[in-house]
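This report refers to the structure that appears directly beneath it.
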Amino acid sequence: MTISNIQRRRFDSLIIGAGGGGLRAALQLAEADASVAVVSKVFPTRSHTVAAQGGMNAALANVLPDNWHWHMFDTVKGSDYLGDQDAIEYMCRAAPKVVYELEHFGVPFSRLDNGRIYQRPFGGQSQNFGGEQAARTCAAADRTGHAILHSLYQQNIRAKTHFFDEYFAVDLLKDDDGNILGAFVFDIHTGEELIIEAKTTLLATGGAGQLFRTTTNALINTGDGMGMALRAGIPLQDMEFFQFHPTGIAGRGMLITEGARGEGGYLVNVNGERFMERYAPKAKDLASRDVVSRAIETEVREGRGCGPDKDHVMLKLDHLGVDVIQKRLPGIRQTCITFLGMDPAEEPVPVYPTAHYTMGGIPTDRHGQVVIPVKDTPEEAVTGLYAAGECACVSVHGANRLGGNSLLDILVFGRAAANHIIDYLKENHYHRPLNEKSVEKAYQRLHRWDDTGEGESVEKIRSDLKRVMEKNCGVFRTQDVLDNGIKEVSALHEKLKHARIKDHSAMFNTARVEALELENLMDVALATVYSASARTESRGAHSRVDFQERDDMNWMRHTLYSLEGRKLDYKPVRTKPMTVATFPPKARVY
Amino acid sequence: MNSLYQMPENEADSRLRWRCRRGMLELDLILNNFIDREYVHLNNQQKQLLDQMLDYPDQLLFDLFLGFMQSADKDIASLVSYIRKSVTT
Ligand SMILES: Cc1cc2nc3c(=O)[nH]c(=O)nc-3n(C[C@H](O)[C@H](O)[C@H](O)COP(=O)(O)OP(=O)(O)OC[C@H]3O[C@@H](n4cnc5c(N)ncnc54)[C@H](O)[C@@H]3O)c2cc1C
């Protein structure tokens, strides 16, 4: 197959990724009669959104008093003041509407006796700007993500969205002026390549949890969209901020949802001490995720860890009783029984922080448009390119995401991006001509894996990368550790250039898919360690042992990492909300 | 789509492996571990059954593998129990 033989298809809009973000955008576009193609490397309903158990936030005030402004305050504070306050206001105001829309699409939210949507308390939620605990998280039992994904998929089928299931997107395509015009993809079944030309392209490829050895993320979360953006010359924003969920099953990574602590579970160290009382006297075990993760790590580092290697702490649930556990936390109980052979109704669960959420990503404005610095302008839109969901950095989570805010983010900004695209399509009726060099580059990148002969193993490099990232870019960071991370990841990056795969068949060549994924992970890993090593302060999830304080004078700014020259640049945080007063930075005490 | 058994064997294996990539880490761990350890021991009927089961939604597989639900289909139920056993052994 040569490039000229490759089939070309044209759509108004291409969406790469069929998780909640991609599907919400696709639905909005299809309903506006745009022709929409959705490309997904796995069958859409197997996207990672399916794993979100806890729920999504919206100030509905069904259980306790609430309003969007309190939600906004919590999100700004949770972000450690790195979140852009205009985007945060937009998201919190839109939240109730988005929940009611989902209800309309068929999501079976859990109910209160009075028929209203049930809402559970989650970490970092408060009433009245930092007062009593709020209850803001709407859930469909413990399968909220599944319910959302399936409802959106069905709605898209009804609206005649065109799906390219099990197609892998290799790279973005451009015109001569650098506008984005679609992507180069291939069918994983047949290996057949396809050029999808589109007036607009939305990246909704999810996060990059596979950067780390211990993670809650499925194998598909390899940061592909972020890699594609980097290669298209777009910097990644705030990659040093990676959220570690405080309660992963030690050694395995699986998530024990915050809901477990919301229902009354608490953490203890080897002495049986409820140590969160020392770190967050008010919120205790429901303090924000970074605070709890750091507390666990401190307990372990100071020798108060549990188990023969003293390398984890315990989550106590047994005092809640079998009935509560079975009724409210059935997933957790069965996970422990299946994977650990123990029952949390009888014994405490060994837990440790696990890589969970990529706060950084492709920089966008609150319309989902990808924005990059051009000369003296910090944010200029890249024509035709949008990003939404975990791969994007809009930035509503800033340095630390609150539980329940990601499902909200993907839906609000998936929808917002689609609305902007609809307006764009009204003004732009024709397809622009592709720059064939960009096609050739994508083609070469794919076919580089046809090289035969001896070389490094992809599998080995991947497992080394994950180990290096865990060791050198985890919960606790110092200059030495991070600089060593840069060295080690760079060495692996070099090795990857000489890697080979053994399978050169066209059909279901999963080895090739994994090699392409590893290339994406590698670039995202470099972005992460470089950004982390440069930020000499502690903020949110980026916790430096050698710079323990937040430094607003020097660091209230977003990092931008570019692939070319591995360059770092910075841009200001948008501290001005849309309509209300700014929340000025304060110490983050829970 | 082709059925598993009209394909050459290694292609069928690769397809099955790809279908074991799911949206949840729990399923990735259970299924990939099972494929790595047990695939070579499966007979044709079991392979076909596994392929059929991989059409199920993630949440249903999660419910079956984590023991929230039992399949009414005897053959599926026995494959599920085989897979569940392979997790802790
Ligand atoms: C265990 C767990 C529990 C969670 N619970 C909650 C919760 O309770 N509440 C909450 O708010 N958040 C939760 N989150 C976070 C939230 O689920 C995710 O951030 C969110 O679902 C991401 O959605 P997305 O649409 O951005 O991407 P995803 O759902 O990850 O979808 C990405 C899509 O991109 C496609 N794709 C990727 N690369 C390519 C490529 N190269 N070619 C083609 N297609 C590609 C994939 O096939 C997939 O369709 C949880 C996360 C985890 C890990």
Side-chain angles (χ1 to χ4, degrees), chain A residues 18-19 41-53 141-143 145-147 149-150 153 165-166 188-190 206 209-210 214-221 248-249 252-255 330-341 354 503 505-514, chain B residues 1-37 39 47 50-70 80-89:
Chain A
K41 64 181 176 180
V42 294
F43 189 75
T45 52
R46 286 175 211 151
S47 300
H48 193 53
T49 296
V50 80
Q53 303 166 325
D142 59 359
R143 48 200 57 188
H146 165 85
L149 204 54
H150 280 255
Y153 181 62
D165 295 339
E166 299 185 319
I188 297 171
H189 295 204
T190 61
Q210 284 298 319
T214 308
T215 175
T216 61
N217 284 204
L219 296 175
I220 47 180
N221 284 11
I249 293 190
R252 297 292 182 93
M254 279 92 69
L255 184 83
I332 287 166
R333 184 170 189 213
Q334 286 307 123
T335 302
C336 292
I337 292 172
T338 307
F339 287 97
L340 300 175
T354 175
D503 183 357
S505 59
M507 314 278 276
F508 279 109
N509 188 338
T510 49
R512 185 167 67 166
V513 170
E514 284 170 11
Chain B
M1 193 196 288
N2 285 337
S3 113
L4 195 58
Y5 293 91
Q6 289 159 347
M7 289 184 183
E9 205 169 326
N10 59 351
E11 212 174 289
D13 292 357
S14 303
R15 173 167 175 259
L16 208 84
R17 263 183 192 279
W18 187 250
R19 280 158 59 75
C20 289
R21 284 254 215 146
R22 314 298 294 202
M24 296 175 171
L25 175 69
E26 287 84 348
L27 298 183
D28 281 344
L29 293 177
I30 292 172
L31 285 167
N32 286 291
N33 172 64
F34 179 72
I35 293 276
D36 285 346
R37 289 194 192 180
Y39 190 69
K47 285 185 187 176
L50 177 60
D51 191 48
Q52 188 188 323
M53 204 163 72
L54 291 175
D55 279 339
Y56 291 0
D58 279 19
Q59 191 66 52
L60 177 55
L61 285 180
F62 184 88
D63 288 346
L64 287 171
F65 292 153
L66 274 87
F68 290 118
M69 202 184 256
Q70 292 251 310
V80 167
S81 119
Y82 182 7
I83 293 174
R84 269 171 64 82
K85 266 197 212 111
S86 78
V87 180
T88 40
T89 51

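The structure presented is a predicted model; accordingly, all values stated were derived computationally and were not measured. So that the names make sense, note that chain A is the first sequence line, chain B the second, and so on, each numbered from 1.
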*For A:Arg252, which residues count as a side-chain contact (heavy atoms from CB on, under 4.5 Å) partner, sequence neighbours excluded?*
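Expected list: A:Ile249, A:Met254, A:Phe339.
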Contact origin within [X] toward chain B - heavy atom pairs under 4.5 Å:
| X | answer |
| --- | --- |
| A:Ile188 | side chain |
| A:Ser505 | neither |
| A:Thr215 | backbone |

*In Å, rounded to the nearest 0.5 Å, how long is the span from OG of B:Ser14 to NE2 of A:His189?*
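The distance works out to 12.0 Å.
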*Could you tell me the separation between the CG atom of A:Leu255 and the CD atom of B:Glu26, rounded to the nearest 0.5 Å?*
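The CG atom of A:Leu255 sits 8.0 Å away from the CD atom of B:Glu26.
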*Mind jotting down which residue pairs meet the salt bridge (charged side-chain N to carboxylate O under 4.0 Å, His left out) criterion with at least one end in residues 57-70 of chain B? Sequence neighbours excluded, please.*
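Residue pairs passing salt bridge (charged side-chain N to carboxylate O under 4.0 Å, His left out), neighbours aside: A:Arg143-B:Asp63, B:Arg22-B:Asp58.
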Could you tell me which portion of [X] (side chain, backbone, both or neither) has an atom closer than 4.5 angstrom to a non-hydrogen atom of chain A?
| X | result |
| --- | --- |
| B:Leu60 | neither |
| B:Phe62 | side chain |
| B:Leu27 | neither |

_If we check side-chain contact (heavy atoms from CB on, under 4.5 Å) with B:Gln59, which of these qualifies: A:His146, A:His150, A:Gln53?_
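Among A:His146, A:His150, A:Gln53, the one meeting side-chain contact (heavy atoms from CB on, under 4.5 Å) with B:Gln59 is A:His146.
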*Would you say A:Phe43 and B:Arg21 make side-chain contact, with heavy atoms under 4.5 Å?*
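Result no, sub-4.5 Å side-chain heavy-atom pair not found.
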*asked:* Any non-hydrogen side-chain atom of A:Phe508 less than 4.5 Å from a side-chain atom of B:Leu16?
replied: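 When only atoms from C-beta onward are counted, B:Leu16 and A:Phe508 do not touch, as no gap falls below 4.5 Å.
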_N/O donor-acceptor pair under 3.5 Å between B:Asp28 side chain and A:Ala218 backbone_ =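 Judged by distance alone, no pair lies under 3.5 Å.
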*Are the side chain of A:Gln334 and the backbone of B:Leu66 linked by a donor-acceptor contact shorter than 3.5 Å?*
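Here the side-chain-to-backbone pair exists.
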*Looking only at non-hydrogen atoms, find the nearest pair between B:Trp18 and A:Val42 and report the distance.*
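Looking at all heavy atoms of both residues, the closest pair is CZ2-CG1, 4.4 Å.
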